[in-house]
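Just so we're on the same page: letters track the sequence lines, and every chain starts at 1.
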Amino acid sequence: MEQKTVVLGVIGSDVHAVGNRILDFAFTQAGFKVINIGVLATQEEFIHSAIETNADALLVSSLYGHGEMDCRGLREKCQETGIGSIIIYVGGNLVVGKQDFESVKERFLAMGFDRVYPPGTLPDTPIEDLRRDLGMTIN
Amino acid sequence: MQAVLLIDFGSTYTKVTIVDLDSEIILGTARSGTTIETNIMEGMKAALAQIPEPVGGWKFVRKLACSSAAGGLKMIASGLVKELTAEAARRAALGAGARVLEVFSYELTQKDLDRIIVSKPDILLLAGGTDGGNREVILKNAQMLSTLPVSLPVVIAGNKVVSGQAADILRKQHTPVVVADNVMPELGVLSVESARLAIREVYLTHIIQAKGLDKAEEYLERIMMPTPSAVLSAAELLAQGYGSEPGMGELMIVDVGGATTDVHSIAKGDPSKPSVMLKGLPEPYVKRTVEGDLGMRYSSEALVETAGKRLMDYLGWTDGQVSDQLNLYKEDPWRIPQTAEEAKFDVAMGRIAVGLAVDRHVGTIEVVYTPFGASYIQNGKDLTPLAVVIGTGGVLLHHSDPLEILRGGVFNPQDPMILKPQNPVFYLDEEYILAAMGLLREVSPQVAFRMMKKYIVKL
């Protein structure tokens with residue numbers, strides 16, 4: 001099967017680099033071609049990278065609590081630039097304070113994200129999900 | 001004596017330099033108007049005649065030339081995303097010594113094709129998609145370009161998976177069609193060398209003839225490259241040195257012309273301070289930028305438009321005084337300043353042109369405030385520690401105060417985000433030999449290097 005390409009990055013003014021490296025390693029090990037745009041990534045960088053590399057999914061991390069602000073409008077911009085149906089996952093410490101994750105998840109799903117992961121998720125979960133969403137597994 | 005004849009067919013002047021390989025000295029330099037309309041050789045012979053011939057006539061062991069005559073090497077580049085492959089294609093063309101007329105991104109439209117027809121480029125550079133990435137756009141663009149009513153040389157440097165297919169589509173209408181390596185094989189990786197070589201090859205095999213420059217080749221061995229390529233090549237040699245002889249290290253060359261100001265840097269430009277993150281496309285070690293709106297004569301009006309306020313502040317002149325002076329230049333582009341005031345204006349124009357051209361060439365730094373304090377992001381090259389700045393070009397050579405003009409390229413504490421050299425030593429290419437030395441590098445790099453060390457003087 002053709003190798004699938006993902007664009008990975010930490011969105012906004014967020015400089016958390018460790019989790020980004022771990023995800024890069026885990027997705028590469030799982031057989032994906034990882035285009036890692038690193039920390040301090042803008043929405044435009046995610047989109048431009050996906051267009052040039054013909055990526056199958058965007059993997060957005062946000063660890064510093066401003067994720068809701070940084071992620072707003074990403075799906076709409078994808079639609080505007082011709083990659084509207086691309087799969088987008090988001091995960092990390094998406095919001096500040098002790099908020100109920102279910103309500104956070106609802107908000108991000110409504111913003112057009114396909115899957116939303118709480119803090120403490122291990123890389124295996126999104127890898128399995130992505131395989132399923134891209135039709136790479138049989139079930 | 002082993003005399004070598006080196007010629008630069010410029011847009012205005014044909015410049016002739018004769019050097020002796022044995023004694024490593026310049027035997028003579030001269031210039032005469034370029035005669036592209038009739039026979040390019042007339043201007044060259046007129047220039048050559050100004051240099052006293054030795055008894056028994058010249059016996060040249062090599063005769064080499066570069067050219068920016070007949071509009072130079074005009075190119076149009078096309079890529080996918082403006083900031084990614086389109087930008088990479090633009091840089092590849094500039095690095096190959098081209099004048100970049102247009103850069104297109106995404107799918108080409110009929111309007112874009114019309115602009116190609118009107119601006120008549122010598123070569124099209126078609127990029128788009130990383131290797132294994134987007135295929136549709138470059139194929140669609142190849143399809144669109146194959147509907148052009150004219151045949152143009154095309155260099156393809158895009159997604160390798162479909163570049164062969166794109167070439168097949170283009171060959172129906174265009175010739176030659178050359179496939180080079182992708183200018184951006186991976187996201188954020190710039191790889192312009194293969195495209196540069198392909199452009200040079202097409203230039204040698206097709207463009208020289210198309211421009212009527214091949215008439216010179218009956219007398220000369222060969223027109224080897226576009227003039228800006230020769231300058232870049234000389235700059236690289238001067239920075240790196242040859243064999244065991246060390247070069248001058250990282251450096252910048254500012255070429256102030258009548259119509260454009262070119263800036264070349266041979267430098268990595270990595271962050272000079274700790275905890276600075278790099279963003280954007282990586283910069284080529286050998287980088288060239290051309291500012292078409294920043295010339296001292298033909299584009300002096302455009303320069304004033306861009307920097308009128310700065311100019312008036314520097315001079316303390318009124319709007320009217322500036323436009324009066326500009327009108328004088330419009331009547332006679334090569335007017336020599338007559339009064340002290342005029343000379344002051346000339347210096348101001350040069351200084352501002354250099355300042356802006358270097359501003360646009362170097363990188364910038366910006367502060368991002370994160371919840372963990374300030375972070376710094378650098379875009380482009382940090383040239384603040386750069387120690388060597390060399391001035392060249394007719395305007396500087398025939399000027400009484402080249403140092404004052406070149407100082408425009410120094411770091412400005414009021415604009416601390418623009419990473420210009422902070423404390424460089426200035427040099428002048430006094431004999432105007434950089435292009436000639438780029439040519440000489442092709443046959444005798446060691447002599448070319450030594451001669452540059454000798455003839456490029458500290459200001």
Exercise for the section: Give, for atom OH of B:Tyr376 and atom CG of A:Leu40, the distance between the pair rounded to the nearest 0.5 Å. Expected result: 13.5 Å
Exercise for the section: Give a yes or no on whether A:Glu76 atom CD has more than 12 heavy-atom contacts from other residues, nucleotides or ligands under 6.0 Å away. Expected result: yes
Handout entry: Side chain / backbone / both / neither for A:Ile37 at chain B, heavy atoms under 4.5 Å
Key = both
Practice task
Measure distances from A:Glu44 to the heavy atoms of chain B and classify the residue's part below 4.5 Å as side chain, backbone, both or neither.
Solution key: neither
Problem - Pair A:Lys33 + B:Glu186: basic N to acidic O under 4.0 Å - result: yes
Practice task
Report, as yes or no, whether the 6.0 Å neighbourhood of atom NZ on B:Lys82 holds more than 12 heavy atoms from other residues, nucleotides or ligands.
Solution key: no
Problem - Heavy-atom proximity to chain A below 4.5 Å, by part of B:Lys279 - result: side chain
Exercise for the section: Please check if atom NZ in B:Lys273 has more than 12 non-hydrogen atoms from other residues, nucleotides or ligands closer than 6.0 Å. Expected result: yes
Practice task
Determine whether more than 12 heavy atoms belonging to other residues, nucleotides or ligands lie under 6.0 Å from atom CZ of A:Arg21.
Solution key: no
Problem - Proximal component of B:Met277, with respect to chain A [non-hydrogen, under 4.5 Å] - result: side chain
Handout entry: Main-chain N/O of B:Leu187 paired with A:Glu52 side-chain donor or acceptor, under 3.5 Å
Key = no
Completion exercise
For B:Leu84 and A:Ser49, the nearest pair of non-hydrogen atoms, with its separation, is CD1-N, 4.1 Å
Completion exercise
B:Gly133 and A:Asn54 have their tightest heavy-atom pair at C-CB, 3.4 Å
Problem - Region of B:Ser375 that comes under 4.5 Å of a non-hydrogen atom in chain A - result: side chain
Handout entry: Heavy atoms from other residues, nucleotides or ligands near NZ of B:Lys74 exceed 12 (cutoff 6.0 Å)
Key = yes
Practice task
With a 4.5 angstrom heavy-atom cut-off, could you sort out which part of A:Val7 is near chain B: side chain, backbone, both or neither?
Solution key: neither
Problem - Over 12 non-hydrogen atoms of neighbours within 6.0 angstrom of CZ in B:Phe411 - result: yes
Exercise for the section: Return yes when atom OH of B:Tyr285 has more than 12 non-hydrogen atoms of other residues, nucleotides or ligands closer than 6.0 Å, and no otherwise. Expected result: yes
Exercise for the section: Mind listing the closest non-hydrogen atom pair of A:Ile51 and B:Asn134 along with its distance? Expected result: O-CB, 3.3 Å
